[in-house]
Asker: 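Before anything else, here's the structure in question.
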Amino acid sequence: MTVDYIIVGLGLAGIAFAEELKEHKKSFVVYEDNSQNSSLVAGGMYNPVVLKRFTPVWNAKAQLEVAIPFYKKLEINFNEKYIFPVDIYRVFKTIEEQNNWFIASDKLLFQDYMIPEITKNDNANIIAPYDLGKLTNTGRIDVKKLISNYRAFLKEEDSLLQEKFDHHKIEFLDKKIKYNNLLSDRIVFCEGFGIKENKFFSYLPMREAKGELITIHAPDLRVDHLIKSAVFVLPLGDDLYKVGATFNWTDKTKIPTKEGRAELESKLNSVINCNYKIVDHTAGIRPTVKDRRPLVGTHPDYKQLSILNGLGTRGVMIAPLMAKKLFQHIEKGVQLEKEISIDRF
Ligand SMILES: Cc1cc2nc3c(=O)[nH]c(=O)nc-3n(C[C@H](O)[C@H](O)[C@H](O)COP(=O)(O)OP(=O)(O)OC[C@H]3O[C@@H](n4cnc5c(N)ncnc54)[C@H](O)[C@@H]3O)c2cc1C
């Protein structure tokens, strides 16, 4: 079998690049094992404001301009809902934070998102003595559902190989790459933390961060927006809420831990005031990079091998734009900006 591209990985990066290939009528197959699951467990939120400091997320405007139409197109193609608008209520910890909110909301970039007035906390089950700052035009992508539908679509097209891709088996022919019985022009690696086992790209400085999340059932909470305080509490419907997330830079497994659960519970108890039951607990590794920028580009020596990785804590917003840039780079020779290109390392 001959294809234009092999994609390794079916998370947000793999799907974004596959969509780029479809749009340009390129043939491809996707390899997927279940070694990584960052996209599957993610909160799936998109939001252009850093909620800790009320500063802009890097390149947020350009990312959102591509990301929202990207998910809308997928909604139409699969006749499914993936985009769920969700306002965010940031719990203020001090008067100073309230003041910083006023100042930030005045910035042109934030005018479509930050509501300048302080929002009174009228829910006795939320602990917010200094009230709340409201963000609008933000939301959640149901990434799990998207991946599940995409997987089914690829299976139908006979374009999915659910097995581990073995980097040692790549044969470099004159103009093509041979992998088992496949001939391809190129391979694009979208492996998330799986990059550590990729002998061609493992030199790149990933500083991965494990994250754990719990899902709670809390019928008395009754909120339809995300609450951001010591943890985020994200409504999923049916009185279910996703609560997260931890950051751990030493544990490299995707196994949920007792410690992670205890940390989330303890923080959650400082955010809400009502009974809840934990109904699920998951973990994944965020593919974060030393300088917090994506890893995009082509291998310096093996020109048929490219990478789309390093989506960090914001894969939902970043993936679609980076996939476009990588495609233009590979097919049209368009130079990548230094801050995203792997040539910076
Ligand atoms: C707890 C948590 C919460 C998060 N919340 C958010 C959020 O609210 N908003 C947001 O935008 N981002 C969030 N993120 C970050 C987001 O999940 C990531 O940026 C994004 O999912 C990374 O996507 P990816 O495709 O690069 O990697 P992954 O989703 O990890 O996908 C990698 C893929 O490669 C496959 N793979 C790897 N190696 C091989 C191999 N050798 N052979 C075959 N297949 C292979 C894996 O099986 C998988 O399919 C969160 C992450 C975590 C962990």
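Values below: every heavy atom of this structure, side chains too, minus hydrogens, waters and symmetry copies.
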Asker: For the ring pair F110 and F54, is the centre-to-centre distance below 6.0 Å?
Answerer: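 No - the distance between ring centres of F110 and F54 does not fall below the 6.0 Å cut-off.
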Asker: Does E337 pair with K325 as a salt bridge, N-O distance under 4.0 Å?
Answerer: yes
Asker: For Y5 and Q304, which I'm curious about, is there any donor-acceptor pair between the side chains at under 3.5 Å?
Answerer: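 No donor-acceptor contact under 3.5 Å links the two side chains.
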Asker: Below 4.0 angstrom, N of the basic side chain to O of the carboxylate: do K176 and D185 qualify?
Answerer: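 Yes, charged N to carboxylate O under 4.0 Å.
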Asker: In Å and rounded to the nearest 0.5 Å, what is the NE2 to CG distance from H281 to L264?
Answerer: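 Atom-to-atom, H281:NE2 and L264:CG are 6.5 Å apart.
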Asker: Does atom CD of Q111 have more than 12 heavy-atom neighbours, drawn from other residues, nucleotides or ligands, at distances under 6.0 Å?
Answerer: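 Enclosed.
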Asker: How many angstroms lie between NZ in K199 and CG in D166, if you round to the nearest 0.5 Å?
Answerer: 9.0 Å
Asker: Decide yes or no for V289 and L295: does some side-chain heavy atom of the first lie under 4.5 Å from some side-chain heavy atom of the second?
Answerer: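 They are in contact (side-chain heavy atoms under 4.5 Å apart), so the answer is yes.
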Asker: Examine the side chains of T119 and N121 and answer whether a donor and an acceptor come within less than 3.5 Å of each other.
Answerer: no
Asker: Checking side chain to side chain contact (heavy atoms under 4.5 Å, CB included) against K254, which of L40, N37, T282, V41 comes through?
Answerer: N37
Asker: Establish, for the pair K22 and F153, whether the NZ or CZ atom is under 6.0 angstrom from the six-membered ring centre and no further than 45 degrees off its axis.
Answerer: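 Judged by the rule, K22 and F153 form a cation-pi pair.
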Asker: Quick one, V243 and Y276 - any side-chain contact, counting heavy atoms below 4.5 Å?
Answerer: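 Result no, sub-4.5 Å side-chain heavy-atom pair not found.
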Asker: What heavy-atom pair brings A319 and A16 nearest, and what distance separates the two atoms?
Answerer: O-CB, 3.7 Å
Asker: A side-chain contact here means heavy atoms from C-beta on lying under 4.5 Å apart; do I88 and M45 qualify?
Answerer: yes
Asker: Looking at E263, K267, K210, which hits side chain to side chain contact (heavy atoms under 4.5 Å, CB included) with T246?
Answerer: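 Answer after filtering E263, K267, K210: E263.
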Asker: Just verifying a value: how many Å separate F172 CZ and D301 CG, rounded to the nearest 0.5 Å?
Answerer: 10.0 Å
Asker: Tell me, do S38 and P287 make a side-chain contact under 4.5 Å, heavy atoms counted?
Answerer: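 SC-SC contact between S38 and P287 confirmed.
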Asker: Any chance you could lay out the ring pair (Phe, Tyr, Trp, His ring centres under 6.0 Å) test for Y31 and Y179, step after step, and finish with the verdict?
Answerer: CA-CA 11 Å; Y31 277 83; Y179 183 81; 5.4 Å; yes
Asker: If two hydrophobic side chains count as joined below 4.5 Å and joins carry through other members, does I177 share a cluster with F17?
Answerer: no
Asker: Could you report the tightest heavy-atom contact between D87 and N137, atom names first, then the distance?
Answerer: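 Nearest heavy atoms, D87 then N137: OD1-N, 4.1 Å.
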Asker: Looking only at heavy atoms, which two atoms of L326 and S306 are closest? And how far apart?
Answerer: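 Taking every non-hydrogen atom into account, CD1-CB, 4.3 Å.
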Asker: To the closest 0.5 Å, what do you measure between NZ (K120) and CG (D131)?
Answerer: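 K120 atom NZ to D131 atom CG measures 3.5 Å (nearest 0.5 Å).
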Asker: Please indicate whether K303 has more than 12 foreign heavy atoms, meaning atoms of other residues, nucleotides or ligands, lying under 6.0 Å from its NZ.
Answerer: yes
Asker: Ion pair present between K164 and E32, side-chain N to carboxylate O less than 4.0 angstrom?
Answerer: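 Here K164 does not pair with E32 in a salt bridge, since their nearest N and O are not under 4.0 Å apart.
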Asker: Please determine if E20 and K26 form a salt bridge, counting it only when a charged side-chain N lies under 4.0 Å from a carboxylate O.
Answerer: no
Asker: Are the charged groups of E80 and K145 less than 4.0 angstrom apart, N to O?
Answerer: yes
Asker: To check you understand the geometry: which heavy-atom pair defines the closest contact between G44 and V143, and what is its length?
Answerer: CA-CG2, 4.2 Å
Asker: Using the rule that Ile, Leu, Val, Met, Phe, Trp and Tyr join whenever any side-chain heavy atoms are under 4.5 Å apart, tell me whether I76 and I68 fall into a single cluster.
Answerer: no
Asker: Got a salt bridge between E208 and R286, using NZ or NE/NH1/NH2 to carboxylate O under 4.0 Å?
Answerer: no
Asker: Taking NZ in K258 as the centre, count heavy atoms belonging to other residues, nucleotides or ligands within less than 6.0 Å. Is the count above 12?
Answerer: no
Asker: Flag the pair D239 and R222 as a salt bridge only when some basic side-chain nitrogen lies within less than 4.0 angstrom of an acidic carboxylate oxygen.
Answerer: no
Asker: Quick check on K72: does its NZ atom have over 12 non-hydrogen neighbours (other residues, nucleotides or ligands) under 6.0 Å away?
Answerer: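 No, NZ of K72 has 12 or fewer neighbouring heavy atoms, counting only those of other groups under 6.0 Å.
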Asker: Please say yes or no: joined through hydrophobic side-chain contacts below 4.5 Å, possibly via intermediate residues, are I340 and F70 part of one cluster?
Answerer: yes
Asker: Parallel, tilted or perpendicular for F327 and H24, by the 30°/60° rule?
Answerer: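 Rings of F327 and H24: parallel, under 30°.
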Asker: Counting heavy atoms not belonging to K61, are there more than 12 under 6.0 Å from its NZ?
Answerer: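 Result for NZ/K61: open.
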Asker: For atom CD of E197, is the number of surrounding heavy atoms from other residues, nucleotides or ligands below 6.0 Å larger than 12?
Answerer: no
Asker: Within a 6.0 Å radius of atom CG on N99, are there more than 12 heavy atoms belonging to other residues, nucleotides or ligands?
Answerer: yes
Asker: Do L21 and L160 sit in one hydrophobic cluster, given that two such residues count as connected whenever their side-chain heavy atoms are within less than 4.5 Å of each other, even indirectly?
Answerer: yes
Asker: Could you report the tightest heavy-atom contact between P116 and F102, atom names first, then the distance?
Answerer: O-CE2, 3.2 Å
Asker: For a 4.5 angstrom cut-off between non-hydrogen side-chain atoms, does K196 reach S202?
Answerer: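 Side chain of K196 against side chain of S202, heavy atoms only: no contact under 4.5 Å found.
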Asker: In terms of heavy-atom contacts, does OH of Y302 have more than 12 from other residues, nucleotides or ligands at under 6.0 Å?
Answerer: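 No, not enclosed.
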Asker: For a 4.5 angstrom cut-off between non-hydrogen side-chain atoms, does I216 reach I272?
Answerer: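 I216 vs I272: side chains touch.
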Asker: Which atom names give the shortest non-hydrogen contact between V86 and T138, and what distance separates them?
Answerer: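 Of all heavy-atom pairs spanning V86 and T138, the closest is O-OG1, 2.6 Å.
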Asker: Tell me whether I127 shares a hydrophobic cluster with V233, the cluster being built from Ile, Leu, Val, Met, Phe, Trp, Tyr side chains joined at under 4.5 Å.
Answerer: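 No, I127 and V233 fall in different hydrophobic clusters.
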Asker: Quick check, are the ring centers of H299 and F201 under 6.0 angstrom apart?
Answerer: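 Close enough - the centres of the two rings lie under 6.0 Å apart.
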Asker: Identify whether the distance between the nearest side-chain nitrogen and carboxylate oxygen of R261 and E212 falls below 4.0 Å.
Answerer: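 Salt bridge: no.
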Asker: So, is the end of the K81 side chain (NZ or CZ) under 6.0 Å from the ring centre of F84 and within 45° of the ring's axis?
Answerer: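 Flagged: K81 positioned over aromatic ring of F84.
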Asker: Any chance you could lay out the side chain to side chain donor-acceptor pair (under 3.5 Å) test for N198 and E191, step after step, and finish with the verdict?
Answerer: CA-CA 9 Å; N198 181 332; E191 302 162 299; 2.9 Å; yes
Asker: Report yes if the side chains of V296 and I307 come closer than 4.5 Å at any heavy-atom pair, otherwise no.
Answerer: no
Asker: So do the side chains of K228 and Y89 get within less than 4.5 Å of each other, counting heavy atoms only?
Answerer: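 Counting from C-beta outward, K228 and Y89 never come under 4.5 Å.
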Asker: Between H167 and F165, does the ring centre distance come in under 6.0 Å?
Answerer: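 Ring-ring flag for H167/F165: true, centres closer than 6.0 Å.
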